[in-house]
2 protein chains.
Amino acid sequence: MNSTTSPDLRALDLSETANCACFNVRKTARSITQYYASFLANSPLKETQFSILSVLTQTEPLPIGKLAEILLMERTTLTRNLKPLILRDFISISPGKDKRSRLVSLTNTGSKAFAETLPQWQKAQKNLIAKFGKVKWALLRKQLTTLQSLTIDPM
Amino acid sequence: MNSTTSPDLRALDLSETANCACFNVRKTARSITQYYASFLANSPLKETQFSILSVLTQTEPLPIGKLAEILLMERTTLTRNLKPLILRDFISISPGKDKRSRLVSLTNTGSKAFAETLPQWQKAQKNLIAKFGKVKWALLRKQLTTLQSLTIDPM
DNA sequence: AATAATTAGGTGTAAATACACTCGGTTGAT
DNA sequence: ATCAACCGAGTGTATTTACACCTAATTATT
């Protein structure tokens, strides 16, 4: 039976695994994140933090779970991501009516940090979409949304 | 000048920041990663590890920098990602001709781990692409590749 | 009213990500 | 032959991600 021999995997087509949707989306995420990061280099906020605050500028205060839902982010991930924002006084946490829930609010310092980051983000966004194509991006975004719905609760 | 007042950000259209390409791609990456993870739950490899090994099944041995380039992954990120794979004896590191470089090779244990994970990955991939549409995915993948090239060395 | 089930949230642990910096080896210019 | 420039790779630090598990509060069931 030769149970110690490794399987011959060269026979497998790499194009199969190279087609992995997870790999391709993650790869793109890495690349695009570095792109935006280069624009935000001298801003007080990183990309994820900018996303979080951008939601809060519109809807505030929000319980943590609701914020996580909007961001399509694991609740426990968000808890961790909020920590540096609290430490730098960009957001504040207050108790909700329901004693279990905790509400996230934007502070004045946070508003300023967001306002300071916004122009840099706009440059990154404008520059990229101009190169990629506005219409093409609108379509791509729609397809990404579809991919999101297809991968939520797959079972 | 009232420098202590926070800027009025409600005036900003949330649809602007909600259109952020970085946010949208990262969000999709989170969702799709969890989807694949649910299929690989009982496999020896996580998604990123599967991607790394899948490259090595075809081209081996590879210097770390070259592997990082193929994966479109920061070299220092890859260094960190290789650590658990070394610890579990899925890959091995050997010195290259150039004494600076270090070559990554697949071990027999690693081959088996990959072979064991492959069917689960195939299920995830097949299931998702079937729902999304093969042709649509081919197009989407091409557009993701475009996004990658546009965000590499943007300056 | 007592208890079971559910819900909001945090923590332990581990992986993934990347920038700034460092070190040693290699190559190129003088 | 020397020295500067460059290249391959690792580490310190910090953020992002998420599963398993825990606690406390609330709601539903009996």
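Treat the numbers as computed from the prediction; the structure is a model and nothing was measured. We use all heavy atoms of the structure for the numbers below, so side chains are in, but hydrogens, waters and symmetry mates are not. Each chain gets a letter, A, B and so on, in the order the sequences are listed, and its residues count up from 1.
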Write down the distance between [atom1] ([X]) and [atom2] ([N]), rounded to a whole number of angstrom.
X: A/I86; N: C/dG9; atom1: CD1; atom2: C1'; answer: 12 Å
X: A/K46; N: C/dT17; atom1: NZ; atom2: P; answer: 13 Å
X: A/L82; N: C/dT11; atom1: CG; atom2: C1'; answer: 15 Å
X: A/R30; N: C/dC19; atom1: CZ; atom2: C1'; answer: 16 Å
X: B/I52; N: C/dA15; atom1: CD1; atom2: P; answer: 12 Å
X: B/Y36; N: C/dA16; atom1: OH; atom2: P; answer: 17 Å

Would you check if the side chain of [X] reaches a backbone N or O of [Y] as a donor-acceptor pair within less than 3.5 Å?
X: A/S31; Y: A/T28; result: no
X: A/T57; Y: A/S54; result: yes
X: A/S149; Y: A/T145; result: yes

What I want to check is whether the side chains of [X] and [Y] have a donor and an acceptor closer together than 3.5 Å.
X: B/T107; Y: B/S92; value: no
X: B/E16; Y: A/Q125; value: no
X: B/R88; Y: B/T109; value: no

Between A/T33 and A/K83, who's closer to the 5' end of DNA chain C by nearest nucleotide?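 Nearest nucleotide further toward 5': that of A/K83.
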For DNA chain C, what residues of residues 64-78 of chain A have any heavy atom nearer than 4.0 Å?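 Listed by number, they are A/I64, A/G65, A/R75, A/T76.
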Under a 4.0 Å heavy-atom cut-off, which of residues 92-103 of chain A touch DNA chain D?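 Residues of residues 92-103 of chain A under 4.0 Å from DNA chain D: A/D98, A/K99, A/R100.
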Check this one for me: any side-chain N or O of B/N81 less than 4.0 Å away from OP1 or OP2 of C/dA15?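 Looking at the OP1 and OP2 atoms of C/dA15, neither is under 4.0 Å from any side-chain N or O of B/N81.
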Show me the side-chain donor-acceptor pairs of residues 72-84 of chain A shorter than 3.5 Å, one per line, residues at least two apart or across chains.
unit_1: A/E74; atom_1: OE1; unit_2: A/T76; atom_2: OG1; d: 3.2
unit_1: A/T79; atom_1: OG1; unit_2: A/R75; atom_2: O; d: 3.2

Range on DNA chain D touched by chain B - first to last nucleotide, heavy-atom distance under 4.0 Å: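 Nucleotide range in contact with chain B: D/dC7 to D/dC19.
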Does the C/dG12 base have a donor-acceptor partner in the side chain of A/R80 within less than 3.5 Å?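 Yes, the side chain and the base share a sub-3.5 Å donor-acceptor pair.
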Is the number of heavy atoms from other residues, nucleotides or ligands under 6.0 Å of B/K99 NZ greater than 12?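 Incorrect, the count does not exceed 12.
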Results of side-chain hydrogen bond (donor to acceptor under 3.5 Å, both in side chains) for A/S43 - residues two or more places apart only: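 If we apply the side-chain hydrogen bond (donor to acceptor under 3.5 Å, both in side chains) test to A/S43, skipping adjacent residues, there are no hits.
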Are A/T59 and A/L67 side-chain neighbours, meaning at least one heavy-atom pair lies under 4.5 Å?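 No, every pair of side-chain atoms sits at 4.5 Å or beyond.
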Can you list every ring-ring contact (aromatic ring centres under 6.0 Å, His included) pair that touches residues 44-65 of chain A, not counting sequence neighbours? A/F50-A/F114, A/F50-A/W121
